[in-house]
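Right, one structure below, let's go through it.
Quick note on labels: first sequence line is chain A, next is B, and so on, each numbered from 1.
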Protein chains: 2
Amino acid sequence: MTDRTFASPDLAGDNRRSALERKLGHYMTLTYSERDALRWLERRERRYAAGSVVLHENEETDALHVVASGWLHGSTRLPDEARQILRFYFVGDLTTTFSIAWGVSAATLTAVSDCTLYEFPRDALWRIFSEHPRLAGLFYGVAASEQVAMADRLTSVGRTDAITRIGKLLLDIRSQLRVVDGESGSTFELPLTLQDLGDAVGLTKTHVSRTLKKLEDQRLLERDGRIIRIVDVAELASRVGFEDRYGHIATDWLPDAAPR
Amino acid sequence: MTDRTFASPDLAGDNRRSALERKLGHYMTLTYSERDALRWLERRERRYAAGSVVLHENEETDALHVVASGWLHGSTRLPDEARQILRFYFVGDLTTTFSIAWGVSAATLTAVSDCTLYEFPRDALWRIFSEHPRLAGLFYGVAASEQVAMADRLTSVGRTDAITRIGKLLLDIRSQLRVVDGESGSTFELPLTLQDLGDAVGLTKTHVSRTLKKLEDQRLLERDGRIIRIVDVAELASRVGFEDRYGHIATDWLPDAAPR
DNA sequence: CGCTAATTTGATTTTCGTCAATGAACGTGG
DNA sequence: CCACGTTCATTGACGAAAATCAAATTAGCG
């Protein structure tokens, strides 16, 4: 439990059920042919060490990725060197949305933990769209839910104070790492610096430090190095107004059986 | 030119070339059958007066919309009554992303000007996805570009000061209204209150007032009631680091001719 | 063990928010 | 057509949250 980063390599053999398949299968029952199609996106495996950059902002690329293990973040930099972390990517996520709309990436993709990605070309995405419309619809739905997640972050940054922003961010990350420890508590490794946290929610590292201390003083949080323990998830969630939107998206507009 | 709001009603007859068709046709050459399919989304016309609410946050709905004329915004409200305006919608935009992923809308959709929308059920979207994969791909690309636009707003709110936020927002709106008046200058009607502007960029109405005054003092902006004139677009753009990302999205991963 | 990067803490400044009052614009009804 | 009320914009005084600047301390890593 101390090092989540390396939770998957040895399991990888078992997990060859495909990261995408497991995530999307949770939303909708997939046909064999759809599963096959998803596995086609996961033929080229790449490994990245924690902290390494997978793709630079404005870099020209044809490659898209599925996260197989570990996590990453997408960020952008302003002329004055300020950085905004736009979102995080977890197992089963596609990193298409910042690069599919243009020839270049709109964000820098950085590995937070050691991670494994599957790389595939844009053409492969076309294959899915042309032959598996239900998957295309699901991709669209997932993109929509990601847009809502970013809207939540925007609301947090634009309209709430430091404690709420940090609290929400930690709950959000916890929720996506899905590490539950005991009844209401939750422990996980957070390999992010204060600078990273600040860049995600629009605060300076100095103020993030003070804010985390406040959360500790209020007995909502415990820290031991990179290990974070949210003492009472429900309490913190209600305090900062966190609502977990993941885990479900509507597929009722897609037919049940496989078409064609 | 004084009243953009009413620019389209009389043109509407001519514009029955379909708002979506004109927008998407700009990105990619569409086949006749694709054009037809898009027009199928525009059979039920609805009109909304400026300020009226099209759809409430958390409201259950099956309806999706295409903007035919006018503009709108999507917003969300926090328990403490604070509001965040998440994005604006202009002619040719789809309002699907906040409602397709769940049975309820994740945002309140409000008409900024008088506007005309085309309403269609989710099933109609499936029709497109199943029969016109290139359009599905294009929808996906558009959703991705919208995500990048929201990422830009997040960066603006999280990492820049009041002048930059407001300046960027005005340039953004101007750019989407695409009303150019003269060489480098630009005049348009802005039917938003200071509260609205503040809710879009995370500032109070009081501070928005002061910020607009500063922009005027610096001869970057002129105001006359609801009429805004950006004195020198290029100058303001470089001052606040605005980059116009609209007008183009990549379609090279989609085949040229119609498939099937 | 020592170097570097990250964190913590304090002092101070800045930006933006809050509160409150005034004024202008607009629409409505008498 | 004017009086009135409502909403919105402006302005000023003040306060609070977060940024900045600057050490000092700690943790991580080779």
Side-chain angles (χ1 to χ4, degrees), chain A residues 2-3 5 49-52 78 80-85 110 112-114 156-167 169-170 189-218 221-228 240, chain B residues 2-3 5 49-52 78 80-85 110 112 114 156-167 169-170 189-217 221-228 240:
Chain A
T2 39
D3 196 353
T5 299
S52 63
L78 294 171
D80 65 337
E81 285 297 286
R83 183 181 64 158
Q84 176 69 47
I85 291 180
T110 308
V112 169
S113 67
D114 289 329
S156 178
V157 172
R159 284 287 175 241
T160 73
D161 63 14
I163 287 208
T164 309
R165 288 188 221 176
I166 294 289
L169 178 66
L170 293 177
E189 190 198 351
L190 187 73
L192 297 173
T193 64
L194 298 186
Q195 181 73 56
D196 294 334
L197 292 172
D199 287 346
V201 297
L203 296 169
T204 58
K205 57 180 193 264
T206 309
H207 204 67
V208 172
S209 174
R210 286 192 253 260
T211 304
L212 286 172
K213 192 163 170 256
K214 268 190 198 163
L215 284 167
E216 284 182 300
D217 290 348
Q218 297 179 22
L221 201 72
E222 287 170 11
R223 277 185 299 165
D224 179 19
R226 288 179 153 182
I227 306 298
I228 292 282
V240 303
Chain B
T2 40
D3 197 353
T5 300
S52 63
L78 294 169
D80 66 338
E81 286 295 284
R83 182 181 66 158
Q84 177 69 47
I85 291 180
T110 308
V112 168
D114 288 329
S156 178
V157 172
R159 283 288 176 240
T160 74
D161 64 12
I163 286 207
T164 309
R165 287 188 221 175
I166 294 289
L169 178 66
L170 293 178
E189 191 198 351
L190 188 73
L192 297 172
T193 64
L194 298 186
Q195 181 74 54
D196 294 333
L197 292 173
D199 287 346
V201 297
L203 296 169
T204 57
K205 56 178 193 260
T206 310
H207 204 67
V208 172
S209 176
R210 286 192 261 259
T211 304
L212 287 172
K213 195 166 168 248
K214 267 189 198 165
L215 284 168
E216 285 182 301
D217 291 348
L221 201 71
E222 288 171 9
R223 278 185 298 165
D224 179 18
R226 289 179 152 184
I227 306 298
I228 292 280
V240 303

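- At least one donor-acceptor pair under 3.5 Å links the side chain of A:Arg159 to the backbone N or O of B:Arg83.
- Interatomic distance, CG of B:Leu197 versus OG1 of B:Thr211, reported as 10.0 Å (0.5 Å rounding).
- To the nearest angstrom, C1' of C:dT9 lies 13 Å from CG of A:Asp217.
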Base versus backbone protein contacts along nucleotides 16-22 of chain D [heavy-atom cut-off under 4.0 Å; B, S, -]: --BBBB-
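- Summarising the local packing, CG of B:Asp224 is surrounded by 12 or fewer heavy atoms from other residues, nucleotides or ligands at distances under 6.0 Å.
- For the pair B:Ser209 and D:dT10, the criterion of a side-chain N or O lying under 4.0 Å from OP1 or OP2 is met.
- B:Leu197 has its CG atom 15 Å from the P atom of C:dC16, to the nearest Å.
- Distance check, rounded to the nearest 0.5 Å: CG of A:Leu215 to CG of A:Leu212 gives 6.0 Å.
- Looking at heavy-atom distances under 4.0 Å, B:Lys205 makes no contact with the nucleic acid at all.
- In this view, A:Arg210 satisfies the salt bridge (Lys or Arg N to Asp or Glu O under 4.0 Å) rule with no residue, not counting sequence neighbours.
- One interatomic measurement links the two molecules: NZ of A:Lys213 to C1' of C:dT9, which rounds to 8 Å at whole-angstrom precision.
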Any protein N or O atoms within reach of nucleotides 28-30 of chain D? Criterion: under 3.5 Å, listing atom names and distances.
none

